[in-house]
Amino acid sequence: SRIADQHRKLGASADWSRNVFTLDPGIARAVRTTFVNLYNDGLIYRGLRMINWCPRCGTALSDLEVDHVEEAGKLYFIRYPIVGEGGMPLPDYVTVATTRPETMVADTGVAVNPDDERFEERIGRMLLLPLIGREIPVVSDDAVKPEFGTGAVKVTPGHDPNDWEIGKRHDLPVIIAIDLEARMNDEAGPYAGLTVDDARNAIVTALDEEGFLDHVEDYVHSVGHCSRCKTIVQPLPSEQWWLDVRKEYELGRSLSGEAARAVRDGRVRIVPQRFEKDYLRWMDNIQDWCISRQLWWGHQIPVWYCPNKHTVVQVDDPAACPECGEALRQDPDVLDTWFSSGLAPHADLGWPDDTEDLRYFYPTSDMQMGYDIMFFWCARMMQFGLYNMRDRGLEDEVPFRAVLFHGLIRDANGEKMTKSRGNVVDPLISAATYGADAFRYAVLTGAAMGGDQRYQDDRLLAARNFANKLWNSARFVLMKLGDRQVKRPHALDRASYPLEDRWILSRLEQLQLDVDQLLRDYQLGEAAKTIYEFLWNEFCDWYIEMAKVRIAAGDERPLSVLAHVLDYGLRLLHPFMPFVTEELWQALRGHIDGDMPSQLIIAWFPKSGANWKDAGDEAAMEHVIEVNRTIRNIRAEKKLEAGARPKVYLRANGLASALRETEGATAFTSRVEPEITGHEAQLPEGEFAFGRVGDTEIAVALPKVDAAVERARIEKELAESSAHAERLEKQLANETFLSKAPAHVIEGMQATLAETRSKVEGLNARLAAL
RNA sequence: GGGCGAUUAACUCAGCGGCUAGAGUGUCUCCUUUACACGGAGGAGGUCGGGGGUUCGAAUCCCUCAUCGCCCACCA
């Protein structure tokens with residue numbers, strides 16, 4: 001199918017051998033079995049009730065398939081004359097208010113609130129229905145709100161759900177005046193044959209001409225539309241099949257009750273948690289579900305009738321009526337498609353059969369869907385799963401442990417994508433333009449979990465650039481590997497590795513820890529972004545650049561680190577960007593000695609043992625990076641020639657060894673000639689630009705210095721640093737802060753303050769020297 | 001009528017109690033340096049919607065207002 005094709009092209013790593021289709025025989029049997037069980041438990045019944053009817057689709061709809069849209073309409077106030085002795089209308093009347101005057105032809109009563117003094121004497125009297133001439137009674141009913149309209153409401157049991165209930169309570173007749181095509185029928189007398197809209201106009205005009213129309217007010221109210229075709233739905237009484245979701249099928253257990261309980265007691269985790277409230281409110285207030293549809297496509301209801309009014313409800317097609325042997329005719333209606341979808345997790349695994357798949361894979365760990373189908377799908381899977389799996393003794397076993405609700409993708413203007421608007425984006429076109437991996441990454445990181453996002457090309461572009469960056473970095477690693485096969489670096493040999501190796505390996509461990517935690521929290525986008533940042537900003541920007549120096553000098557040890565970090569990086573990124581990572585990994589796998597299966601997709605996912613984790617190494621390397629940034633910053637500000645290789649004096653204390661260890665890298669990546677000394681060392685004669693990182697003083701030799709520009713630069717930096725130091729001092733002088741804040745926060749702040757103070761000192765010294 | 005979400009750099013979005021608020025795109029300067037110009041180096045750009053409160057400390061928690069969006073509801 002088209003959608004399966006899209007899923008494949010976007011890299012969904014599904015087990016396609018277990019692909020199922022709604023109308024597959026296995027699912028059909030699950031549907032029938034469920035129906036029959038629910039029927040036998042008395043939860044499914046056929047009944048005449050108010051339904052939502054779509055005149056265009058020609059079918060009943062469930063409440064969920066009706067969209068309520070606010071519309072500017074009118075409230076019509078109509079006078080219904082009171083009938084006196086001998087059936088003559090009196091000059092007195094009751095005025096009712098309605099938004100649908102055309103339904104008055106089917107009125108069979110007028111209702112008022114029993115406590116409404118204004119109508120006390122009217123209750124029980126008869127009214128003469130204008131235009132039609134039928135006599136209808138005034139009844140009293142609690143459902144009427146005295147403060148709305150006139151306090152009197154016309155009762156149309158045939159065309160209004162409320163009135164249907166009122167009518168039942170007062171034994172009012174039901175008149176149906178609107179047919180299944182939304183046209184007036186013979187009950188509408190002179191208006192028969194008109195559409196609902198035309199009838200409304202004609203009736204209002206007639207009422208006005210004959211003096212029955214009191215007045216008209218503007219009124220905004222919501223009108224139900226078919227969610228599929230947007231046609232205004234008609235409330236109609238109709239014989240349909242219903243599922244009673246509140247009725248107990250066992251002591252204390254009902255479909256909605258169990259589905260709500262599973263979430264309340266945490267057996268099912270809803271992510272993000274805020275959707276839990278929506279789910280529970282809906283489940284707690286649920287009404288019977290109209291499950292029959294008058295459509296040609298779907299699972300036909302497994303109910304048969306014979307001419308002698310016998311009804312057969314069973315899973316397998318019956319040959320003849322078991323009671324009288326007459327021929328049977330199957331109910332022509334089909335089930336709401338969500339009835340079968342709701343069986344997904346267990347029916348897909350073979351239920352009602354006792355299959356190995358069902359035993360092994362049920363329940364599903366994580367379920368995922370857009371929040372817009374939470375009630376349609378998630379809610380039904382919960383209900384049916386808990387109900388059906390009782391036959392395995394799993395009455396408390398949920399269909400899935402967690403359900404993730406993601407947001408919707410909107411167009412660049414934030415509009416919902418719809419076929420009618422024509423603003424729908426074909427994911428395959430995006431994938432063809434930017435790559436499926438880029439599409440996946442962009443969509444995954446485009447919004448926080450559960451939030452909607454706008455489809456913007458620049459997000460795709462950024463993701464595509466990342467794929468390209470990854471590709472090129474891997475190309476570099478492979479090029480340097482040549483035909484070598486390397487062993488993974490081993491933490492026991494850590495002392496023999498230089499700082500940058502220890503650093504990137506420590507960072508890689510941290511990445512694994514971070515990704516693991518993020519995935520546990522279902523922060524998929526954050527996990528992807530974290531990997532992106534590691535690979536680009538740490539691996540590519542620093543490690544590869546630094547490794548080049550040693551490789552150029554003939555040192556082969558960085559190759560093992562490069563290969564290992566790339567391997568783990570690809571593994572971590574694979575779930576997010578399966579295509580590039582698999583492709584690159586295929587090229588890489590032969591170069592690493594160790595557990596390298598035939599495909600990345602089946603390779604284990606890295607999980608940190610924290611063997612390389614070393615805070616000291618990370619801090620030292622961070623220092624080196626900052627020193628380099630400062631040097632480059634000075635280069636840029638001083639507008640030094642790109643090809644110039646100025647002398648740089650680094651006067652350091654604590655981190656002097658780290659700087660020495662990475663001296664070659666500094667020389668290469670920042671294009672300078674560094675000289676690392678202690679603080680006591682004297683600078684040679686000449687002009688310098690100064691910087692400072694921690695307790696490392698940086699002096700970049702310059703051709704000549706513009707004192708004014710240098711002073712301005714230092715002053716700006718001084719102002720920022722002083723302000724920062726002041727804030728920290730103030731905070732650290734605060735007794736309450738010191739007593740209440742956690743120790744690590746205070747220590748961190750003290751360290752920062754010390755660093756900031758020495759920076760200020762250094763800046764002041766340089767300013768004085770100028 | 002209830003409920004939820006959003007409001008952070010020019011744009012699209014992260015961050016959701018702690019150390020000078022981040023990313024991508026765009027923009028400015030420099031660089032065709034031997035993986036990558038779909039690139040590299042550096043920079044500019046934000047009183048985190050308004051107002052109040054809680055706290056040693058708030059973009060982050062509470063209240064309130066505003067604007068936008070969504071969901072639910074038998075709104076004659």
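So you know, we letter chains A, B, ... as the sequences are listed, proteins then strands, and number each from 1.
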I'd like to know if the side chain of [X] pairs up with that of [Y] as donor and acceptor (distance under 3.5 Å, no hydrogens or angles considered).
X	Y	answer
A/D141	A/N113	no
A/S670	A/R632	yes
A/R79	A/Y93	yes
A/S227	A/D67	no
A/T445	A/R459	yes
A/E71	A/H225	yes

Provide, to the nearest angstrom, the distance between the [atom1] atom belonging to [X] and the [atom2] atom belonging to [N].
X	N	atom1	atom2	answer
A/R632	B/G42	CZ	P	6 Å
A/L738	B/G18	CG	C1'	14 Å
A/H744	B/G18	NE2	P	9 Å
A/E626	B/G42	CD	P	10 Å
A/L460	B/G24	CG	P	16 Å
A/Y219	B/G1	OH	C1'	11 Å
A/L481	B/A35	CG	P	14 Å
A/M449	B/C13	CE	P	17 Å

For the [atom1] atoms, the ones on [N] and on [M], what distance do you get once it is rounded to whole angstrom?
N	M	atom1	result
B/G51	B/A44	C1'	32 Å
B/G50	B/U8	P	10 Å
B/G46	B/A23	P	15 Å
B/G15	B/A59	C1'	9 Å
B/U47	B/C62	P	25 Å
B/G22	B/G18	P	14 Å
B/A6	B/G49	C1'	11 Å
B/C16	B/G5	C1'	14 Å

Between [options], spot the one nearest the side chain of [X], thanks.
X	options	value
A/Q523	B/G15, B/C71, B/A35	B/G15
A/Y371	B/C75, B/C72, B/C70	B/C70
A/R410	B/U20, B/C56, B/G69	B/G69
A/F668	B/C38, B/A76, B/U34	B/U34
A/R454	B/G42, B/U12, B/A35	B/U12
A/A741	B/C56, B/G15, B/C75	B/C56

Out of [options], which residue meets the side-chain contact (heavy atoms from CB on, under 4.5 Å) rule with [X]?
X	options	result
A/V627	A/V624, A/I631, A/T630	A/I631
A/F77	A/L213, A/V216, A/T150	A/T150
A/V477	A/L559, A/L566, A/V561	A/L566

When you check the phosphate oxygens OP1 and OP2 of [N], does a side-chain N or O of [X] lie under 4.0 Å from one of them?
X	N	answer
A/R635	B/C30	no
A/K469	B/G40	yes
A/H221	B/C75	no
A/N633	B/A41	no
A/K548	B/U34	no
A/K716	B/A44	yes

Side-chain donor/acceptor contact of A/T736 with base of B/C56 under 3.5 Å: no
N/O donor-acceptor pair, side chain A/E545 with base B/A35, under 3.5 angstrom: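 Indeed, a donor on one side and an acceptor on the other fall under 3.5 Å apart.
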Between the protein and nucleotides 2-10 of chain B, list the N/O to N/O atom pairs that are separated by less than 3.5 angstrom.
unit_1, atom_1, unit_2, atom_2, d
B/G3, O2', A/R281, NH1, 3.1

Non-hydrogen side-chain atoms of A/K74 and A/P101 separated by less than 4.5 Å: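 Heavy-atom side-chain distance check fails, nothing below 4.5 Å.
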At under 4.0 Å between heavy atoms, what does [X] touch on the DNA or RNA strands: base, sugar-phosphate, or nothing?
X	result
A/V144	base
A/A467	nothing
A/G748	base
A/A97	base
A/F466	nothing
A/P742	base
A/T98	sugar-phosphate

Greater than 12 external heavy atoms within 6.0 Å of A/E641's CD: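 Open.
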Stepwise side chain to side chain contact (heavy atoms under 4.5 Å, CB included) test for A/Y76 and A/R100: CA-CA 8 Å; A/Y76 301 87; A/R100 300 189 61 198; over 6 Å; no
Nearest-nucleotide 5' precedence on RNA chain B, A/N537 against A/Q731: A/Q731
Comparing A/V745 and A/T99 on RNA chain B - which has the more 5′ nearest nucleotide: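 Closer to the 5' end of RNA chain B: A/V745.
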Nucleotide N/O to protein N/O under 3.5 Å, stretch nucleotides 25-29 of chain B:
none

Secondary-structure string, 5' to 3', Watson-Crick or G-U under 3.5 Å, | for another-strand partners, for RNA chain B: ((((((((.[[[[.)..(...]]]].(((((.......))))).....[[[[[..)....]]]]])))))))....
Residue pairs, two or more places apart or on separate chains, that pass ring-ring contact (aromatic ring centres under 6.0 Å, His included) and touch residues 721-752 of chain A: none
Residues forming a ring pair (Phe, Tyr, Trp, His ring centres under 6.0 Å) with A/F275, sequence neighbours excluded: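 Partners of A/F275 by the ring pair (Phe, Tyr, Trp, His ring centres under 6.0 Å) criterion, ordered by chain and then number, come out as A/Y371, A/F405.
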Which atom pairs, one a donor and one an acceptor, fall under 3.5 Å between side chains of residues 524-537 of chain A and the rest of the protein, sequence neighbours left out?
unit_1, atom_1, unit_2, atom_2, d
A/T530, OG1, A/E526, O, 2.6

Heavy-atom donor-acceptor pair, A/R440 side chain to A/F576 backbone, under 3.5 Å: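 Flag set: sc A/R440 to bb A/F576 pair under 3.5 Å.
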